[in-house]
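Each remark here refers to the structure printed beneath this line.
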Protein chains: 2
Amino acid sequence: MKGIKRLAQHLDISIGTVSRALNGKPDVNEETRRRVLDAAALLGYAPNQAGRSLRRGSTNAVGFMIESNDETETNSDNFFLGVIGGLTGALLKHNLDLVVLPCSVNEDPHDYLQRIVARRLVDAVIISATQRRDRRIDLLKAARIPFIALGRTGGPDEHAWIDLDFEGVAHKAVARLAALGHRQIAVAIPDNEINLGYVFRDAFEDAMAHHRLTVDPSHIIRARSSEHGGYTIGNALLAMEKRPTAIVLVYEMMAIGLYRRLNEAGLTPGRDLAVVGFREGPQSQFLSPALTSFRMSLRDLGIGLAEGLLATMPAYADQFPQGFVHKLWPMELVEGESDAMVIGR
Amino acid sequence: MKGIKRLAQHLDISIGTVSRALNGKPDVNEETRRRVLDAAALLGYAPNQAGRSLRRGSTNAVGFMIESNDETETNSDNFFLGVIGGLTGALLKHNLDLVVLPCSVNEDPHDYLQRIVARRLVDAVIISATQRRDRRIDLLKAARIPFIALGRTGGPDEHAWIDLDFEGVAHKAVARLAALGHRQIAVAIPDNEINLGYVFRDAFEDAMAHHRLTVDPSHIIRARSSEHGGYTIGNALLAMEKRPTAIVLVYEMMAIGLYRRLNEAGLTPGRDLAVVGFREGPQSQFLSPALTSFRMSLRDLGIGLAEGLLATMPAYADQFPQGFVHKLWPMELVEGESDAMVIGR
DNA sequence: CGATTCTTCAGAAACGTTTACGAAAGCCCA
DNA sequence: TGGGCTTTCGTAAACGTTTCTGAAGAATCG
């Protein structure tokens with residue numbers, strides 16, 4: 001005999017009463033409830049999750065979908081992993097389990113998520129790396145699964161999302177460079193279909209226009225989102241006849257590779273080329289010269305995502321104002337010397 | 001009508017046959033099986049996980065238990081998070097779900113795990129930050145839950161574990177320092193009950209004895225496992241009348257704080273004090289002078305843990321040689337300049 | 001051709017929980 | 001006293017799946 005039956009037998013009452021006692025239902029005598037709770041603590045009883053999920057129709061778990069480059073491309077930065085740190089802490093407070101949903105790069109994220117949804121593995125889900133047109137959103141809406149997106153899409157946004165404040169970053173970066181006299185400013189964009197690239201490009205062009213600067217099309221450089229991508233950016237820059245005097249990067253690891261390529265060419269960031277990085281990583285403060293970049297707390301982002309997600313879940317309607325969070329996550333400029341050069345006069 | 005019933009109705013066969021077809025049971029006509037598989041793909045059917053778990057008695061998920069400092073102590077390094085990256089990739093290959101089990105620092109890890117076990121949330125579990133005497137191991141053995149420990153314990157080891165090769169690290173560090181002429185070598189130990197501290201201390205003393213060096217008890221410095229802990233180590237060193245000429249750290253973030261404290265005192269690592277760090281982080285290669293430390297792949301460690309865990313699970317007896325993995329994870333010396341000083345003559 | 005085996009499938013039970021329903025007992029009040 | 005509440009609890013059904021049991025029909029064999 002196991003589970004609730006054992007507990008009921010031990011107390012010589014019915015399993016229905018045990019269940020009601022444990023779940024705080026009103027129609028149970030207070031003394032009985034206390035006896036049940038005591039016995040449960042004594043025997044170390046906790047309800048079997050599968051049985052409970054099946055009956056209730058909800059699993060008490062939320063999923064975090066990330067893309068997993070299961071190959072040995074070790075460039076994987078720890079962005080998502082840092083977010084997980086915040087997520088677990090916030091979800092722990094509400095006794096929700098977190099299941100990591102790693103979608104192999106070989107599989108279509110939509111198909112992967114569809115299987116998760118069909119299995120009813122989680123009650124709600126966080127999707128990341130949103131694409132410009134992301135079918136996962138239609139899927140989740142149709143299945144009525146609460147969700148929040150980490151990243152905007154190109155389509156309508158009748159759903160919860162949090163995204164980095166690319167507009168703010170682009171404006172701060174361009175304003176700073178423009179003030180230093182730069183007129184030829186390049187931008188690095190990841191060469192994938194993630195919406196981030198489109199958003200940042202638009203934001204950059206906006207910022208440039210705001211400062212009455214024109215963007216040379218050849219100065220919009222597409223590269224892989226990795227250290228190696230930064231190296232190729234260096235190649236591209238060195239091959240240009242009219243080289244920009246500054247560049248803004250959109251992926252933290254790019255700075256490492258770009259530094260390396262510049263050093264190989266005998267050039268110094270902040271003297272021969274102004275470099276503005278993206279997210280401040282553990283390494284950026286140690287790069288020499290120190291990289292000008294933007295700071296944010298991955299942990300806090302995780303917490304924000306958790307709260308935004310809970311706000312979409314009917315079960316938490318009493319604890320969170322229901323509705324769709326739309327939030328641009330602020331990033332704070334960290335001044336380094338990698339762009340400390342004055343142009344012209 | 002939902003789930004397998006819908007599929008069965010659509011095909012006009014019984015749900016039993018549908019289930020057997022999907023699960024590759026032999027007693028089903030091949031043409032029927034094909035029809036079922038086609039229909040399942042068409043309708044996007046995947047078996048409800050709760051129903052399946054309940055019936056099968058296994059959940060198709062493994063847990064990774066970490067301690068979550070849900071407070072804002074942001075010092076949390078990304079060690080465990082890096083491991084998760086490897087775990088997800090390896091588990092994905094076997095279609096196992098990963099659920100993160102964050103135990104609040106306020107709760108007893110044993111009680112937390114007991115609840116997880118009682119809920120039957122996962123089929124197997126990875127525990128980390130093992131203590132010298134870790135009751136979780138008795139719990140898991142008694143419940144017959146397959147598990148692997150990240151970290152040794154002080155007790156018998158009739159279970160699977162993987163731990164960092166602290167012995168190798170201590171020996172390499174001491175050998176290197178001894179060759180440079182150091183005789184007064186200190187060691188930093190975390191001031192918690194995690195077994196790691198005991199193991200490293202023993203390994204350090206072994207290594208010292210091997211080089212016929214004596215360990216001054218005051219040179220065994222206990223400090224918090226954080227950057228701030230490194231700072232307090234600096235304080236302790238500066239306050240000593242007979243200061244050691246070298247120190248070996250056992251936690252990566254300690255190096256940052258120690259550097260800071262030394263700099264404040266006008267001292268330079270590698271000139272005034274030889275510093276050997278522990279795990280090479282993204283930052284250590286950028287510290288100035290470059291930190292001598294030890295390299296390992298968190299991702300590979302995650303993969304190793306996954307494989308060691310699968311080897312303990314009866315369900316994978318055909319794919320992995322069953323048995324208990326006992327493995328010291330090698331760490332490779334990365335030479336920096338933080339200990340490049342010659343003592344005496 | 002009858003007996004036996006094999007193939008294929010339908011039906012039903014079981015996993016552990018929650019909850020709708022109803023019943024028993026106590027109470028109140030006319 | 002008896003009818004109607006209220007309180008408390010037991011019973012049974014339901015969630016979606018897998019698997020056991022057995023049965024019908026086809027195939028094989030003596």
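Numbers restart at 1 for each chain; the letters A, B, ... are given by sequence-line order, proteins then strands. None of the values given here were measured: they were computed from a predicted structure. Both backbone and side-chain heavy atoms feed into the values below; hydrogens, waters and symmetry mates do not.
For B:Phe320, the ring-ring contact (aromatic ring centres under 6.0 Å, His included) partners two or more places apart in sequence, or in a different chain, are B:His94. A:His10 pairs by the ring-ring contact (aromatic ring centres under 6.0 Å, His included) definition with nothing, not counting sequence neighbours. Every ring-ring contact (aromatic ring centres under 6.0 Å, His included) that B:Phe147 has, sequence neighbours left out, goes to B:His159. A:Asp318 pairs by the side-chain contact (heavy atoms from CB on, under 4.5 Å) definition with nothing, not counting sequence neighbours.
Residues B:Asn195 and B:Gly154 approach most closely at ND2-N, 3.9 Å, considering heavy atoms. In this structure, A:Ser68 and B:Thr88 approach most closely via the heavy-atom pair OG-OG1, 4.3 Å.
Residue pairs meeting the side-chain hydrogen bond (donor to acceptor under 3.5 Å, both in side chains) criterion with at least one partner in residues 35-54 of chain B, sequence neighbours excluded, are A:Arg119-B:Gln49, B:Asn23-B:Arg52, B:Arg34-B:Asp38, B:Gln49-B:Ser53. Identified under the ring-ring contact (aromatic ring centres under 6.0 Å, His included) test for residues 96-132 of chain A, with sequence neighbours left out: none.
By the 4.0 Å N-to-carboxylate-O rule, B:Lys327 lies too far from B:Asp163 to be salt-bridged with it. Look at A:Arg136 and A:Asp134 and you find a salt bridge, because one of the NZ, NE, NH1 or NH2 atoms lies within 4.0 Å of a carboxylate O, short of that distance.
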Atom pairs and distances, donor-acceptor, side-chain atoms in residues 306-314 of chain B, under 3.5 Å, two or more places apart:
residue  : atom : partner  : partner atom : Å
B:Thr312 : OG1  : B:Leu309 : O            : 2.6

Ignoring hydrogens and angles, write down the donor-acceptor pairs under 3.5 Å from the side chains of residues 122-131 of chain B, residues two or more places apart or on other chains.
residue  : atom : partner  : partner atom : Å
B:Asp123 : OD1  : B:Thr59  : N            : 2.6
B:Asp123 : OD1  : B:Thr59  : OG1          : 3.1
B:Asp123 : OD2  : B:Thr59  : N            : 3.1
B:Asp123 : OD2  : B:Asn60  : N            : 2.8
B:Ser128 : OG   : B:Met65  : O            : 2.9
B:Thr130 : OG1  : B:Gly151 : O            : 3.2
B:Thr130 : OG1  : B:Arg152 : O            : 2.8

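Straight-line distance from the CD atom of B:Gln9 to the C1' atom of C:dA10: 16 Å, rounded to whole Å. Between the CD atom of A:Glu31 and the C1' atom of D:dC9 there is a distance of 14 Å, given to the nearest Å. For B:Arg6 and D:dG16, the CZ to P distance is 13 Å, given to the nearest whole Å. Distance, B:Met1 CE to D:dT17 P: 12 Å, rounded to whole Å. Atom CD1 in B:Ile13 sits about 14 Å away from atom C1' in C:dG11, given to the nearest Å. Between B:Asn60 atom CG and D:dT17 atom P the separation is 15 Å, expressed in whole Å.
Here the CD1 atom belonging to B:Ile84 is positioned 6.0 Å from the CZ atom belonging to B:Phe64, to the nearest 0.5 angstrom.
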What N/O pairs connect the protein and nucleotides 17-20 of chain C at under 3.5 Å? Give each pair on its own line.
residue : atom : partner : partner atom : Å
C:dT17  : OP1  : A:Tyr45 : OH           : 2.7
C:dT17  : OP1  : A:Asn48 : N            : 3.1
C:dT17  : OP2  : A:Ile4  : N            : 2.5
C:dT17  : O5'  : A:Tyr45 : OH           : 3.4
C:dT18  : OP1  : A:Asn23 : ND2          : 3.3
C:dT18  : OP1  : A:Arg52 : NE           : 3.0
C:dT18  : OP1  : A:Arg52 : NH2          : 2.8
C:dT18  : OP2  : A:Ser19 : OG           : 2.7
C:dT18  : OP2  : A:Asn23 : ND2          : 3.4
C:dT18  : O2   : A:Arg55 : NE           : 3.4
C:dT18  : O2   : A:Arg55 : NH1          : 2.6
C:dT19  : OP2  : A:Lys25 : NZ           : 2.5
C:dT19  : O4'  : A:Arg55 : NH2          : 3.2

Atom pairs, protein N/O to nucleotides 22-27 of chain C N/O, distance under 3.5 Å:
none

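Contact annotation: B:Ser53 does not reach the phosphate of C:dC15 (side-chain N/O to OP1 or OP2, under 4.0 Å).
Against DNA chain D, the stretch residues 33-44 of chain A makes no heavy-atom approach under 4.0 Å. Against DNA chain D, the stretch residues 116-125 of chain B makes no heavy-atom approach under 4.0 Å.
Between A:Val28 and A:Leu54, the residue whose closest nucleotide on DNA chain D is further toward the 5' end is A:Val28.
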